[in-house]
Structure formats: structure tokens, C-alpha cells
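Comments concern the structure below.
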Protein chains: 2
Amino acid sequence: METVGQIIRAKRESQGLLLRQVAAHLDIDQAILSKIERNERKPTKENIFKLSQILKLDKDELLIQFMSDKIAYEIADEDCASRVLKVAEKKVKYLRAHPIKS
Amino acid sequence: METVGQIIRAKRESQGLLLRQVAAHLDIDQAILSKIERNERKPTKENIFKLSQILKLDKDELLIQFMSDKIAYEIADEDCASRVLKVAEKKVKYLRAHPIKS
DNA sequence: TTATTACTTGACAATAAGTGTCAAATGTAA
DNA sequence: TTACATTTGACACTTATTGTCAAGTAATAA
């Protein structure tokens with residue numbers, strides 16, 4: 001089971017890129033990228049988009065990894081975690097079928 | 001599809017309790033509870049626990065509603081929402097099978 | 001009508017969480 | 001050692017969350 005950080009690091013290294021090079025492209029300090037890769041900090045959505053560009057990763061796939069990481073982390077310590085996901089799925093379907101008029 | 005707010009309001013009213021009575025039990029201003037019931041603000045976990053006590057709702061069930069609301073809201077506007085949930089489920093299983101030593 | 005009661009609204013304050021910079025420390029290899 | 005990449009932690013800045021308060025609305029009774 002790969003985390004977003006692991007995916008990013010593996011891809012960056014396989015392309016021979018340095019932290020500072022990639023960080024410069026993201027317009028953040030390399031310290032943050034270092035932490036993102038070790039799952040010490042979470043990337044922003046913006047980070048994810050730019051990372052998928054420079055590392056030639058599929059944008060949607062990386063976004064899915066990013067969001068699923070966030071959710072998994074959020075509920076992992078609840079023993080009702082899997083029910084939460086099931087109910088969330090129903091709610092998402094409902095929300096998409098009944099969009100809010102705004 | 002009921003929101004947490006709707007569940008709370010329905011139960012509070014069925015018990016003939018006033019906003020200020022329940023809010024006092026939660027140790028928050030009744031304005032907040034009013035907003036929680038109308039889904040204008042999200043309850044904290046602490047709020048959820050105390051609400052389940054005073055309203056005699058199942059604590060786990062209310063927590064599930066609370067967390068699934070949060071997640072559904074978080075991803076509803078992504079078109080990869082259902083994949084996110086599937087991947088999240090895998091990650092949760094993995095995390096629970098491989099707990100972090102701390 | 002006025003008074004009372006329950007609830008709602010919005011401006012604001014306090015606090016917590018997220019996001020970032022920087023410089024020093026650590027690791028690694030020539 | 002020197003040079004370079006990465007890591008670490010203290011700190012600052014910004015944004016989000018959580019709350020208080022007082023004034024507003026709505027419904028009802030006197």
C-alpha cells in the first residue's frame with residue numbers, strides 16, 4: 001500500500017530530480033517537499049497538480065491517492081470506519097443526484 | 001437522506017427540549033446548536049458525544065452520520081469520488097492491519 | 001397592541017490548524 | 001575535508017474553526 005509521499009519520492013528519484021528542482025517548480029521550499037514525501041506534511045491540491053505535471057504522473061490518479069490518504073487517515077482509528085465509508089458513498093450519490101441550487 | 005442536523009433537530013423536538021437546554025448540556029451557545037441543526041456549522045466530535053447522551057441517540061450511529069457527512073461533503077464535487085472511497089477503504093484496512101508503532 | 005418566548009442571524013473575537021521560510025544539523029560520497 | 005542533498009525544528013504568517021454576543025425575526029398569549 002503506497003502513500004502519496006512514497007509515490008512522489010519514487011517517481012522523483014527515478015527521474016533523477018532533486019528536491020530543490022521539484023520544489024522550485026511547485027514554488028515551495030524544499031523542506032516542505034521533503035516532508036510531503038515522508039508523509040510528515042500533506043500536500044495541497046495545488047501541489048498535487050504541479051507534481052503530476054513535473055513528475056509525469058496521472059493527475060487524476062495522484063489526486064485519488066491524495067484524497068484517499070486524507071480520508072483514510074481521518075477515520076482509520078474509528079472502529080466504524082468501513083460503515084462510515086459506506087454511508088458516505090450513499091450520501092455522495094445522493095448529493096450528486098440532488099445538486100444544491102446556488 | 002438525512003443530515004446529522006436533521007436527525008438532531010427531529011430528536012430534540014420529539015423530546016420537547018429547547019435549543020438552550022440542549023446547548024447548555026453541550027456547553028455551547030444556543031446559536032451554534034441552531035446552526036448545527038440547520039447544517040450551517042459542523043458539530044465537533046465532543047458535540048456529537050454529548051448530543052447522543054442527552055438526546056438518547058446511538059453514539060456510534062450518530063458518529064457515523066457525522067463523519068460520513070464530512071467525507072461526503074469533502075469529495076462530492078470530485079468526479080472520482082467513488083474511486084476515492086474505494087481506495088480509502090483499502091488504505092484503512094491496510095492501516096488497521098499494520099498499525100504504526102508509536 | 002404589547003410582552004414573552006424560541007429561534008435565527010451576522011459581526012466579531014479567540015483559538016487551532018495549515019502552510020510557509022529559514023538556518024542549522026545530518027547524511028553521503030568524492 | 002569539502003561539497004552537496006536531505007532532514008529537522010523553531011518560528012512566522014495565513015486561513016479555518018469554534019465560540020460569544022446582541023440584535024433580529026416569528027409565533028403566541030395576554
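To find a chain, count down the sequence lines: A is the first, B the second, and so on, and within it residues start at 1. Note that this is a predicted model, so its numbers are computed, not measured.
Nearest heavy-atom pair, A/Val92 versus B/Ala81, reported as atom, atom and distance to 0.1 Å: CG1-CB, 3.9 Å. Pairing each heavy atom of B/Ala88 with each of A/Ser68, the nearest pair is N-CB, 3.6 Å. When all heavy atoms of B/Gln6 and B/Thr3 are compared, the pair lying nearest together is OE1-N, 2.9 Å.
For the atom pair B/Lys35 NZ and B/Gln30 CD, the distance stands at 11.0 Å (nearest 0.5 Å).
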Classify every nucleotide of nucleotides 22-30 of chain D by which part a protein heavy atom approaches to under 4.0 Å, writing B for the base, S for the sugar-phosphate alone and - for neither, in 5'-to-3' order.
---------
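Without hydrogens or angle criteria, A/Asp69 side chain to A/Phe66 main chain gives no donor-acceptor distance under 3.5 Å. Side-chain N or O atoms of B/Arg96 include one that pairs as donor or acceptor with a backbone N or O of A/Ala76 at under 3.5 Å. Put simply, the side chain of A/Lys91 gets close to the backbone of B/Gln65: a donor and an acceptor are under 3.5 Å apart.
Rounded to an integer number of Å, the gap from CG of B/Leu33 to P of C/dA6 is 14 Å.
Within a heavy-atom distance below 4.0 Å of DNA chain D, no residue of residues 15-27 of chain B is found. Using a 4.0 Å cut-off on heavy atoms, the residues of residues 36-53 of chain A that approach DNA chain D are A/Arg38, A/Glu40, listed by number.
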Can you pull every protein N or O that's under 3.5 Å from an N or O on nucleotides 25-30 of chain C?
none

Stepwise side chain to side chain contact (heavy atoms under 4.5 Å, CB included) test for B/Ile75 and B/Leu85:
CA-CA 9 Å; B/Ile75 64 172; B/Leu85 290 175; 3.7 Å; yes
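With the nearest nucleotide of DNA chain C identified for both A/Ile32 and B/Glu13, B/Glu13 has the one nearer the 5' end.
Between B/Ser34 and C/dC7 there is no side-chain N or O to OP1 or OP2 distance below 4.0 Å. Using a 4.0 Å cut-off, some side-chain N or O of A/Arg9 falls inside it from OP1 or OP2 of D/dT7.
Judged by atom type and distance alone, B/Lys35 reaches the base of C/dG10 through a side-chain donor-acceptor pair under 3.5 Å.
For A/Glu78, the side-chain contact (heavy atoms from CB on, under 4.5 Å) partners two or more places apart in sequence, or in a different chain, are A/Cys80, B/Lys45, B/Leu63, B/Met67.
The side chain of B/Ile28 lies closest to D/dG19 when the candidates are D/dT6, C/dT8, D/dG19.
Cluster annotation: B/Leu26 and B/Leu18 are assigned to distinct hydrophobic clusters (Ile/Leu/Val/Met/Phe/Trp/Tyr, side-chain heavy-atom contacts under 4.5 Å, transitive). In the hydrophobic cluster analysis, where Ile, Leu, Val, Met, Phe, Trp and Tyr join through side-chain heavy atoms closer than 4.5 angstrom, A/Leu19 is grouped together with A/Leu17.
Ion pairing of B/Lys50 with B/Glu46 is present here, as a side-chain N (NZ or NE/NH1/NH2) and a carboxylate O approach within less than 4.0 Å.
The list of salt bridge (charged side-chain N to carboxylate O under 4.0 Å, His left out) pairs with a residue in residues 1-15 of chain A, not counting sequence neighbours, reads A/Arg9-A/Glu37, A/Arg12-A/Glu37.
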